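What follows is a single structure, written as structure tokens, with notes after it.
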Amino acid sequence: AQKITQTQPGMFVQEKEAVTLDCTYDTSDQSYGLFWYKQPSSGEMIFLIYQGSYDEQNATEGRYSLNFQKARKSANLVISASQLGDSAMYFCAMREGLTGNQFYFGTGTSLTVIP
Amino acid sequence: NAGVTQTPKFRVLKTGQSMTLLCAQDMNHEYMYWYRQDPGMGLRLIHYSVGEGTTAKGEVPDGYNVSRLKKQNFLLGLESAAPSQTSVYFCASSYPGGRGNEQFFGPGTRLTVL
């Protein structure tokens, strides 16, 4: 079974609007971490946001927030006030265990921001 | 700080040839990782290291070997390259704690095996 599932291969959003990128995960561990990375067309991987499984509040980093629903095993990324520079691939990832080093990535969502 | 660097940026190999990819980090990170990225498949962990002299297998280790003789360097070797190893290879590093063991990535190496 896939550890990380991203069901939206491509998304479009109007500039200045908010967009939600979906991510569901599969683990039997009680301790785990969830991450979102951005990969622009230049190819580098850029860390956006992190949520620990024991964190009670949803993580936020500037215009990025992570909608963490533990019972549903979902960790959706919300980007508010989209900008043209947000056009990129977005990857959801999971680290199993409290201090584990096995990371699993989803297949990514391509986001295009329309002017 | 240069962060995480990878050498080379591009490489073309013939089937059966060998090569080594070099990853270097100047952040004094304990952990280092090698991933491959194939179209439509996201990143998959090949091998990782939790410290100098230690390595462990990831999700797709077959056909690759690694070494971590120095803390700042992590080498990925292909002993006999196959077309299935055509991919973009990313190195990453992280340190215990931080933002959930957040990984810092290198710029990637594009490898083509003919």
Side-chain angles (χ1 to χ4, degrees), chain A residues 1-10 21 23 25 29 31-55 59-62 64 66 68 75 88-110, chain B residues 2-6 8-10 23 25 27 29-51 54-61 66 68 74 87-111:
Chain A
Q2 292 287 334
K3 292 281 188 180
I4 296 287
T5 301
Q6 294 180 253
T7 57
Q8 307 156 313
L21 306 184
C23 172
Y25 59 92
D29 284 5
S31 300
Y32 51 89
L34 297 158
F35 304 78
W36 278 92
Y37 284 86
K38 172 183 178 181
Q39 187 177 42
S41 58
S42 51
E44 72 270 30
M45 296 289 289
I46 302 168
F47 168 84
L48 294 178
I49 198 165
Y50 163 75
Q51 178 89 38
S53 59
Y54 293 118
D55 295 340
T60 59
E61 293 273 357
Y64 304 107
L66 198 152
F68 181 44
M89 283 291 291
Y90 289 81
F91 291 95
C92 179
M94 176 177 66
R95 184 210 71 235
E96 285 187 315
L98 195 60
T99 57
N101 295 97
Q102 289 269 12
F103 285 76
Y104 301 93
F105 282 75
T107 53
T109 295
S110 175
Chain B
V4 180
T5 58
Q6 294 182 229
K9 289 186 168 52
F10 303 92
C23 175
Q25 52 96 3
M27 297 173 284
H29 285 173
E30 289 294 326
Y31 307 148
M32 296 187 75
Y33 313 80
W34 275 107
Y35 289 91
R36 60 179 290 173
Q37 184 178 27
D38 301 301
M41 295 192 73
L43 274 73
R44 291 182 293 169
L45 183 63
I46 304 172
H47 286 281
Y48 64 95
S49 168
V50 298
T54 70
T55 62
K57 294 180 180 179
E59 191 180 354
V60 289
V66 288
R68 183 116 181 254
F74 196 28
S87 189
V88 179
Y89 291 85
F90 285 96
C91 176
S93 71
S94 69
Y95 62 96
R99 288 182 290 191
N101 201 3
E102 168 202 349
Q103 296 180 316
F104 296 78
F105 283 85
T109 294
R110 187 172 294 275
L111 174 66

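Computed from a predicted model, the values in this text were never measured in an experiment. Below, read A as the first sequence line, B as the second, and so on, with proteins coming before strands; counting in each chain starts at 1.
The ring pair (Phe, Tyr, Trp, His ring centres under 6.0 Å) check on A/Tyr50 picks up A/Phe35, with sequence neighbours excluded. Residues satisfying the ring pair (Phe, Tyr, Trp, His ring centres under 6.0 Å) criterion with B/His47, sequence neighbours excluded, are absent altogether.
Looking at A/Gln2, there are no atoms closer than 4.5 Å to chain B (heavy atoms on both sides), in backbone or side chain. Within the 4.5 angstrom heavy-atom criterion, no atom of B/Phe104 approaches chain A. Residue A/Gln39 touches chain B through its side chain alone, counting heavy-atom pairs closer than 4.5 Å. Heavy atoms of B/Gln103 lying under 4.5 Å from chain A belong to its backbone as well as its side chain.
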Derivation and outcome, ring pair (Phe, Tyr, Trp, His ring centres under 6.0 Å), residues B/Tyr35 and A/Phe105: CA-CA 10 Å; B/Tyr35 289 91; A/Phe105 282 75; 5.4 Å; yes
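Within the 6.0 Å centre-distance limit, the rings of A/Tyr37 and B/Phe105 are counted as a close aromatic pair.
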